[in-house]
Participant: 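Next up is a structure, given as structure tokens.
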Amino acid sequence: MLPDLRIWLNHFEYHAQHPRCVPEELPDVLTGRERALIARSLATFQLGECSTGRRLMSAARRFAHLHDRPELARIMELFVREQRRHADLLREFMTDHGIRVRNHSPTDMAFRAVRRLAGFELYLHVLVAAELIGNIYYRALETVTGCRRLKILCRTLVADELAHIGFESALLRELYTQRSPLTRAVTRIAHRAFFNGVVLTVWTTHRSILRQVGYDLATFSRVCRAQYSFYLDSACLAKGKVQPTAS
């Protein structure tokens, strides 16, 4: 079980030692219109990146001990560190542009409430849902701004989180192979429902930015579902590998 953890550990250790950076000399001009458009939305996403990871690490250590895979606990420690770095990068940008940091939001409170229920597998489902949708958001944010620093910051976050998604989906696929077909089907239905709820929440909260790049609720939902299907479609899970699907 979990045969590729050493490869993933090497990846996370390398990026802990060589984190992706946003060059300091980049043009950093954010217009008043852009600031008004993105401020509240960006602050909400920054808050979502802020977490001590205490409950996640506790769940990961229990899971790693149960399956005798100590590499997993170390991977998750490095994962949490990388998420905190994302929060710091966003906070620095916001501070430099006079954007107020948020201490709470309904979206973040909902995610934290679900995570409190969590065993490690549920944590993975919550994380991968947030990151799949978050990457679509960051690409939209990159499009609506002319600020070169913010564009590169968005690309940096997407690059890191694509690796996170790859790890989380690979681990979920491996876990799914241990389940009966009925359990896999029920789990897929439940996670699809949760994912669709997250899509609706993100659209409601961040639609001012998403509309700027041509998304309405239907098109945003379709793009999110296509990403979900690519990484987590039940047929792929059953086969233990990712296969692209048509959007």
Side-chain angles (χ1 to χ4, degrees), residues 1-5 7-8 11-12 15 20 45 48-49 72 75-76 79 82-83 86 107 111 114-115 118 120-143 154-179 181 183-207 209-211 213-247:
M1 184 180 178
L2 315 181
D4 296 329
L5 288 185
I7 296 172
W8 284 108
H11 167 88
F12 279 98
H15 284 284
R20 294 182 176 92
F45 260 84
E49 299 280 7
L72 181 61
I75 289 170
M76 296 311 300
F79 167 88
E82 202 163 87
Q83 291 292 88
H86 291 177
T107 305
F111 271 109
V114 172
R115 291 198 297 261
F120 183 63
E121 188 171 346
L122 178 56
Y123 260 109
L124 289 177
H125 281 296
V126 173
L127 288 170
V128 77
E131 288 173 338
L132 283 170
I133 299 170
N135 277 357
I136 296 169
Y137 168 83
Y138 284 127
R139 290 187 174 111
L141 180 60
E142 178 189 348
T143 301
C154 289
R155 293 175 194 175
T156 299
L157 299 180
V158 167
D160 281 343
E161 295 203 349
L162 282 174
H164 297 177
I165 292 165
F167 166 69
E168 292 152 5
S169 60
L171 194 51
L172 283 170
R173 288 195 303 277
E174 186 62 38
L175 291 173
Y176 270 50
T177 63
Q178 313 302 315
R179 307 288 191 264
T183 301
R184 286 200 300 268
V186 171
T187 301
R188 177 177 181 265
I189 291 169
H191 191 232
R192 277 276 189 177
F194 171 74
F195 185 80
N196 289 336
V198 176
V199 169
L200 180 59
T201 300
V202 171
W203 164 258
T204 301
T205 307
H206 304 281
R207 61 186 180 276
I209 289 176
L210 297 170
R211 281 174 171 161
V213 295
Y215 288 130
D216 57 18
L217 177 57
T219 55
F220 180 63
S221 298
R222 185 164 61 249
V223 170
C224 291
R225 288 196 301 269
Q227 288 292 298
Y228 182 99
S229 294
F230 182 86
Y231 287 100
L232 291 168
D233 185 84
S234 61
C236 303
L237 292 168
K239 296 174 184 177
K241 59 183 180 180
V242 172
Q243 296 176 336
T245 60
S247 60

Participant: Can you measure from CG (Leu141) to CZ (Arg155) and round to the nearest 0.5 angstrom?
Facilitator: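 The CZ atom of Arg155 is 12.0 Å from CG of Leu141, to the nearest 0.5 Å.
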Participant: Answer yes or no: is there a side-chain heavy-atom contact under 4.5 Å between Leu132 and Leu232?
Facilitator: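 Side-chain contact under 4.5 Å: yes.
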Participant: Evaluate the ring planes of Tyr137 and Phe45, with Trp represented by its six-membered ring, and classify them as parallel (under 30°), tilted (30 to 60°) or perpendicular (over 60°).
Facilitator: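 Geometry flag for Phe45 against Tyr137: parallel rings.
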Participant: Show the nearest heavy-atom pair for residues Arg188 and Tyr176, with the distance to one decimal.
Facilitator: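 Closest pair (atom of Arg188, atom of Tyr176, distance): N-OH, 4.2 Å.
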Participant: Using 0.5 Å steps for rounding, measure from the CG atom of Asn196 to the SG atom of Cys224.
Facilitator: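 Nearest 0.5 Å value for the CG-SG distance: 9.5 Å.
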Participant: Taking all non-hydrogen atoms of both residues into account, name the closest pair between Ile136 and Phe220 and its distance.
Facilitator: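 For Ile136 versus Phe220, the nearest heavy atoms are CG2-CE1, 3.8 Å.
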Participant: Determine yes or no for a side-chain-to-main-chain donor-acceptor pair under 3.5 angstrom, with Thr187 supplying the side chain and Arg184 the backbone.
Facilitator: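 No: the side chain of Thr187 does not pair with the backbone of Arg184.
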Participant: Within this structure, what is the CZ-CE distance for the pair Phe12 and Met76, rounded to the nearest 0.5 Å?
Facilitator: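 Spacing of CZ (Phe12) from CE (Met76) equals 7.5 Å.
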Participant: Do you know which two heavy atoms are closest between Arg173 and Tyr231, and how far apart they sit?
Facilitator: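 Between these two residues, the closest heavy atoms are NH1-O, 3.8 Å.
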Participant: The test is side chain to side chain contact (heavy atoms under 4.5 Å, CB included); show your working for Ile133 and Phe195 and say whether it passes.
Facilitator: CA-CA 9 Å; Ile133 299 170; Phe195 185 80; 3.8 Å; yes
Participant: Taking only residues two or more places apart in sequence, or in another chain, which ones meet Val213 in a side-chain contact (heavy atoms from CB on, under 4.5 Å)?
Facilitator: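 Val213 satisfies side-chain contact (heavy atoms from CB on, under 4.5 Å) with Ala140, Thr143, Val144, Tyr215 only.
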Participant: Any heavy-atom pair between the side chains of Val128 and His191 that's under 4.5 Å?
Facilitator: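 Side-chain contact under 4.5 Å: yes.
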Participant: Roughly how far apart are Ser229 OG and Arg222 CZ, rounded to 0.5 Å?
Facilitator: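 The CZ atom of Arg222 is 12.5 Å from OG of Ser229, to the nearest 0.5 Å.
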Participant: How long is the straight-line distance from OG of Ser169 back to CG of Leu127, given to the nearest 0.5 Å?
Facilitator: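 Answer for the CG-OG pair, Leu127 versus Ser169, is 12.0 Å.
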Participant: Show the nearest heavy-atom pair for residues Ile75 and Leu5, with the distance to one decimal.
Facilitator: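 In this case the closest contact between Ile75 and Leu5 is CD1-O, 3.5 Å.
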Participant: Is a donor on one side and an acceptor on the other found under 3.5 Å between the side chain of Arg207 and the backbone of Thr204?
Facilitator: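 Pair found, side chain donor or acceptor close to backbone of Thr204.
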Participant: Output the distance between atom CG (Leu124) and atom CZ (Phe167), rounded to the nearest 0.5 Å.
Facilitator: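 So the CG of Leu124 and the CZ of Phe167 are separated by 7.0 Å.
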Participant: What is the ring orientation for Trp8 with His11, classed by angle as parallel under 30°, tilted 30 to 60°, or perpendicular over 60°?
Facilitator: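 Correct class here is perpendicular.
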Participant: Taking all non-hydrogen atoms of both residues into account, name the closest pair between Gly214 and Thr219 and its distance.
Facilitator: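 Heavy atoms only, the tightest pair is O-OG1, 3.8 Å.
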Participant: Between Leu217 and Leu200, is a side chain to side chain contact (heavy atoms under 4.5 Å, CB included) present by the stated rule, with each step listed?
Facilitator: CA-CA 8 Å; Leu217 177 57; Leu200 180 59; 4.1 Å; yes
Participant: I want to check something: taking the side chain as every heavy atom from C-beta on, are Phe194 and Val126 in contact at a cut-off of under 4.5 Å?
Facilitator: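 A side-chain contact exists here, since the closest heavy-atom pair is under 4.5 Å.
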Participant: Please table the atom pairs, donor to acceptor, closer than 3.5 Å between any side-chain atom in residues 157-166 and protein atoms at least two apart or in another chain.
Facilitator:
unit_1: Asp160; atom_1: OD1; unit_2: Arg20; atom_2: NH1; d: 2.2
unit_1: Asp160; atom_1: OD2; unit_2: His86; atom_2: NE2; d: 2.8
unit_1: His164; atom_1: ND1; unit_2: Gln83; atom_2: OE1; d: 3.4
unit_1: His164; atom_1: ND1; unit_2: Glu131; atom_2: OE2; d: 3.3
unit_1: His164; atom_1: NE2; unit_2: Glu82; atom_2: OE1; d: 2.5

